[in-house]
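Just below is one structure, and these are the notes that go with it.
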Amino acid sequence: MIAACARFDAELGAYLEGEARPFISSHAQECPSCDALLADVQSIQVAARDLPQEEPSGGVWANIRQSLESLGAFGPSPCAQFSTELEAYLEGEARPFIATHALECQPCGAMLADLQLIQVAARELPQEEPSGAVWAHIRQSLESLGAFGPSPCAQFSTELEAYLEGEARPFVATHAQECQPCGAMLADLQSIREAARTLPLEEPSRVVWANVRARLEAEGAFGAPVAGWRQILSWRLFPQPVPLGVLASLVVLGAMLSLPLRNPQPWGGPQEAAASSSTTEVAELAPPPEDISLAHVASDLEINFRANEASMTPDLKATYEKSLASLDGSIRECLDSLHREPGNTLVHDYLLTAYTRKAEVLSSALEFEGR
Amino acid sequence: MGRLLAAILLPAALMWAAGEGRVEKSFDTTREPRISLNNLKGHVLVRGWEKPEVHLVYTVVSPRIEVDTDILPSTGAAEKIRFDTHVLDSTLPADDQVVDYTLDVPVGASLEIRNPQGRILVQGMQADASVQSVGADISIRDYSGRLLVHSVAGDIEVVRPSGSVEAYSITGNLHFVSPSTSRLHGSTTSGSILFEGDFMERGDYILSAYSGDLTIVCPSAASFELTAKTLKGKVINSMPMTHRRESASPLGASNSLLGTRNAGRANVDITSFSGNIRIRPQY
C-alpha cells in the first residue's frame, strides 16, 4: 500500500492537470487517506477557480515587504541590532554584542572603528558651538544609523512578529488602530496567516528556491557568502536594497512555480523575442509551462550579461562563453527530448538543473563584468 | 585609515622602486582564525601548520597592482584576516594582473578563497573552507573540514578529504581520491567524474554529470546501495551486486542499475544524461 500511495502522490499532479491517470481514481477508492487527500485537493482546486483573478494592490506588496523586513528576511538582523545598540555602546553602556558583532562583520567593525576615532578626535577639539550645518549633518548621519530610536511604526514592525506568534503586545493592536498603513499590513498578514493554515504543508521545490535566489542575485541583493553553488554568485561585499517590484516578481514567480498553471503564458513576448534573438538559440524551443519562469530568469540574466560582456577581460569572457555554450547545449537537448517525451520526469529534472546552473553561472559572470 | 586596524597597505610601486616584487609577512593569530583571500589572477597555495600564525608570501607581477590586508582585532592575536588584490590602473593588461600567493595558516583556520583565474591548492586543513574559481583548477588535499569547492570551467581534485565535500563545475572534471568522508556531492555538466576510494558506513554519495562519464573505482569489499541511471549512456558494471527492481522506471537494463554490494552500508547515487557510468573494482 505504501508503494501504491507513493505512486498516487507521484501521479496526482498530472491527474489534477487533466491527464488521464486511471490509477488515481482506482487507488482513491481503495485507500481512505489518499481518497481524503484527493477530495481535499479537488475542493481547493474548485475553490481556487472561483477566486477572482485580481492583482493584489500596491499596498499589499508594500505591506508584505514591510512585514518580511520586520521578520528579518532581507537584511542582516545582527547588523540592525548593531545599529540599534551602537549609540548606547558609544555612550559607555555595557553592550557586549557590539564588540562581538564588530569582530564578525567587517562593515560594522569598520563603522565602529570610524566612530570611535571620531569620538577620540572629538574629545580633543576645542569647545566651540558647531554651526547649524554641522548639526544637520550629524543628525542626518545618526538618523541613517537609526540612532534616534524607533518610531511608532518601527516599534510596530519590531513587535509584530511576536504579536503574530501569540505574545501579548498591546502596542501592536493600539498602533494598528491609529496608523492606517500598519493597520492594513496587520490585516493583510492576518488574512494570509488564516489562508496559510488551510494550505498543505509542503516544502517549495528546489526550483522555486533557485528562481528566487537567481532573481535576487540578479538584483544584487546578496553580499554575504552562502553555501553551495550560490556562494560563487555572491562576490559583492555589501547587501543592496531590493526594489519592491523585484519582490513582487519573486512572489509571483514563486506562486507560478508552486501552483499548477491553468493558463500558461506563451513563451516570451515581443520584447523578449527581440532580445532573445541576439542572445541564445535555446529560447527558440518552448520550455514546459512549469519551467517558463525559470527560463525567464536565465534569459533576463543573459540579456544583462550580453549587454555588459564587453567590459569583461577576454579570457574570463571566453571561460563563461564556453560554460554557457555547454549549458545551452544541455537545455536544447533536454527540450528536444521533452518535446518527444513530455512525461519524462528525468529529462525534466535535467532541464531544471541546466536552467538553474545557467542562471548561477550568469550571475557569477555579472559579478565580474567591469572588474 | 583607522578602520584598517594595523592594516598593511604596501604600494607595489615602492616595492618596484626597491627592485622587489616579492613580499613576505607574518601575523600572530588565534588557533582558529578566519582567513579570506580575494585574488584576480595567479596561483594560490594555502598550507596548514600547527603555529597560531599566518605567514604570507606574495609576488606581484606589476607595480600597478597591490595587496590590501585587513586584520581584526587591531591588537593581539588576529581573529580575522582578509587579503584583497587590487588593480591600481584600470588599463593594466590582464596578463599583468597576476599575484601569486603562498599562505601558511593555522590548521584550524576557516578559509574563503576566491581566485577567478589561477590555480588553487589547499592542503592539510581542518576547518570549513569555501574555494572558488572561474577558469582555473582547484586541488584540495588532506582536508578534514567542510568543503565547498566551485570552479565554472576548471578541474577539481579532492584528495583524502574526511569532512563533507560539495564540488561543482560546469565544464571541468571532478576527481575524488581516497575520501574518508561520509558526505560527498559532486556535479558537473560536461566534465567527467572519477571517484577512487571506498564508501563510509552510512555515507551519502551523490554524483551527477550531464554529458560526461562517471567512473567509480572502489575496493571489492566496498559495501553500498547503488542507484545508477543514465538516460542516453550505458551503465557498465564489473562488480557483482544483488539487483533491486524499481517500479515504473522508464530506463532499460543497460542504462540503469539498482544494486546492493555486500551489506549495502552506504548510499551511492550516480546519474548522467548522456554519459556512461562505470563501476569497477580497485586492484
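A, B, ... follow the sequence lines: proteins, then strands. Residue 1 opens every chain.
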| Portion of B:S90 that has a non-hydrogen atom of chain A nearer than 4.5 angstrom | neither
| message | Just so I know, are the side chains of A:C334 and B:F273 near enough to count as touching, which here means a heavy-atom distance under 4.5 Å? | response | yes
| note | The interface call for A:A102 against chain B, heavy-atom contacts under 4.5 Å, is backbone
| For A:Q116, is it the side chain, the backbone, both, or neither that has a heavy atom closer than 4.5 Å to a heavy atom of chain B? | neither
| message | Heavy-atom pairs under 4.5 Å with chain A - which of B:G172, B:S272, B:S274 has more of them than the others? | response | B:S272
| Can you list the residues that meet the salt bridge (charged side-chain N to carboxylate O under 4.0 Å, His left out) rule with A:E19, with sequence neighbours excluded? | A:R21
| remark: Sorted by chain and residue number, the side chain to side chain donor-acceptor pair (under 3.5 Å) partners of A:S326 (sequence neighbours excluded) come out as B:S190
| request: Give me the ring orientation class for A:F305 and A:Y320: parallel if the planes are under 30° apart, tilted from 30 to 60°, perpendicular past 60°. | output: perpendicular
